[in-house]
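Some notes on the structure that comes next.
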Number of protein chains: 2
Amino acid sequence: MLVQAARQLLHEQGFGRTTLADVAERSGVPLGNVYYYFKTKEAIAEAVICAREAELRGLFAAWTSKHRDPRARLRCLVRAPLETADEVVSFGCPYGSLCHELEKLGPKSPLAASSSRLLGLYIEFAEQQLRAAGVRTREATGLATELIAALQGTALLAHTIRSRALLASQLRRVERWLESELPPTSLS
Amino acid sequence: MLVQAARQLLHEQGFGRTTLADVAERSGVPLGNVYYYFKTKEAIAEAVICAREAELRGLFAAWTSKHRDPRARLRCLVRAPLETADEVVSFGCPYGSLCHELEKLGPKSPLAASSSRLLGLYIEFAEQQLRAAGVRTREATGLATELIAALQGTALLAHTIRSRALLASQLRRVERWLESELPPTSLS
DNA sequence: GTCTATAAATTGATAGAC
DNA sequence: GTCTATCAATTTATAGAC
């Protein structure tokens, strides 16, 4: 699938360094075909962002249905980068690196706005689970932002240093920190 | 100065989207001149990285000479993004965004290796100050990494959301967290 | 819908006058 | 050392046969 190939390539090489010829080649179709399905290169990026958004919503839904306890859902969130550790170490967080690059297109670029929604979704999910775990509404926004910032920073460092060990150990630190920030469990 | 212009442009637009014509124009010199001073575009990027490294070392030296107390130095580190809040909100952390983009050139790229040194320096400085503040050697590395990750993640989110308020409030949170992680001051 | 060929624009890099 | 003109390669995008 065209979008699937583009999704991988944008993660591996970034938007700027990925040519439409790359996308065509990895999809196994000739270059001309790409333009039959997508008017411009930006349109492909937009489709990739949508795919990433669907991917995120899928993860959130899976964690939500798997665990009733919001703390367990938050643990899934923190540990998620370990599930794809190789990719994160080699290419960074797919959502964060997309934002990082597309934001450089300027505040007026539609791609920048679309990609920032990805991190927004991330924060929103964390905030919901924090509130469900008993964090006060006022505090939940700040804490959720702090959590996502910690995860994004961890991914950037693990990627830059290219160390899976760093990713694992720092995610454990984030997990311990988060537990210390949550209100004590009500032992009903 | 050529490098100065390139330094700004790489921060504002990134390496990939900055053309040598851009650099020439902002420097006020014709395009041909750029190639008299730098053999290739990569050579300019290398010079920019060196300039950023010197900039970092200068900041560290200033904080070190200004404060004897390592805690005060760490406060400077955490609050530093506020000094250039507009730039951080508009374009992200100059060091982090450079790493983010140049790492996509692949692990074998000399530019990727050079840029990763920037974050390495950052961690190293934090680690030194943490040890001086009484954090055990074993713990200092992990804590320093966690601190820099928090700062980098904060810069990314503040940039993506384009919110100076988010930058300020989240840096305050990082500062409070850091204080809670440091051993109690010895009231000598 | 699929594919080849090619146009049009951008941009890294060079040649050569001054 | 400085500047203009231009080459060569890449890449987005289109035209048109099948």
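Residue numbering restarts at 1 for every chain, and letters A, B, ... go by the order of the sequence lines.
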Between N or O atoms, less than 3.5 Å apart, protein on one side and nucleotides 7-13 of chain D on the other: list the pairs.
| from | atom 1 | to | atom 2 | distance (Å) |
| --- | --- | --- | --- | --- |
| D/dT12 | OP1 | A/K41 | NZ | 3.2 |
| D/dT12 | OP2 | A/L20 | N | 2.9 |
| D/dA13 | OP2 | A/K41 | N | 2.8 |

Please identify which of these residues, B/R131, B/E127, B/E146, meets the side-chain hydrogen bond (donor to acceptor under 3.5 Å, both in side chains) condition with B/T141.
B/E127

In whole angstroms, how far is the C1' atom of C/dA13 from the CD1 atom of B/I44?
11 Å

At under 4.0 Å between heavy atoms, what does A/F38 touch on the DNA or RNA strands: base, sugar-phosphate, or nothing?
nothing

Can you tell if the side chain of B/L171 reaches within under 4.5 Å of the side chain of B/P81, non-hydrogen atoms only?
yes

Counting only side-chain N and O atoms of B/Y36, is one of them less than 4.0 Å from OP1 or OP2 of D/dC3?
no

Who are the ring pair (Phe, Tyr, Trp, His ring centres under 6.0 Å) partners of A/F91, not counting sequence neighbours?
A/H11

Starting from P on C/dT2, measure out to CG on A/L2 and report it in whole angstrom.
10 Å

With sequence neighbours left out, what residues match B/A72 under side chain to side chain contact (heavy atoms under 4.5 Å, CB included)?
B/H67, B/D69, B/R75

Tell me the bend of the helix from C/dG1-D/dC18 to C/dC18-D/dG1 as the angle between end helix axes, each from five pairs, rounded to the nearest 10 degrees.
10°

Could you give the CG-to-P distance, from B/D22 to C/dT10, as a whole number of Å?
12 Å

Which distance, rounded to the nearest 0.5 Å, do you find between the CG of A/L130 and the CG of A/L178?
6.5 Å

Rounded to whole angstrom units, what separation is found between the CG atom of A/N33 and the C1' atom of C/dG1?
8 Å

Establish, for the pair B/K41 and B/F15, whether the NZ or CZ atom is under 6.0 angstrom from the six-membered ring centre and no further than 45 degrees off its axis.
yes

Which residues pass the side chain to side chain donor-acceptor pair (under 3.5 Å) test with A/R52, sequence neighbours left out?
A/E55

Would you kindly give the OH-to-C1' distance between A/Y37 and C/dC3, to the nearest whole Å?
12 Å

Contact list for residues 95-120 of chain A, test ring pair (Phe, Tyr, Trp, His ring centres under 6.0 Å), sequence neighbours left out:
A/Y95-A/Y122, A/H100-B/H100

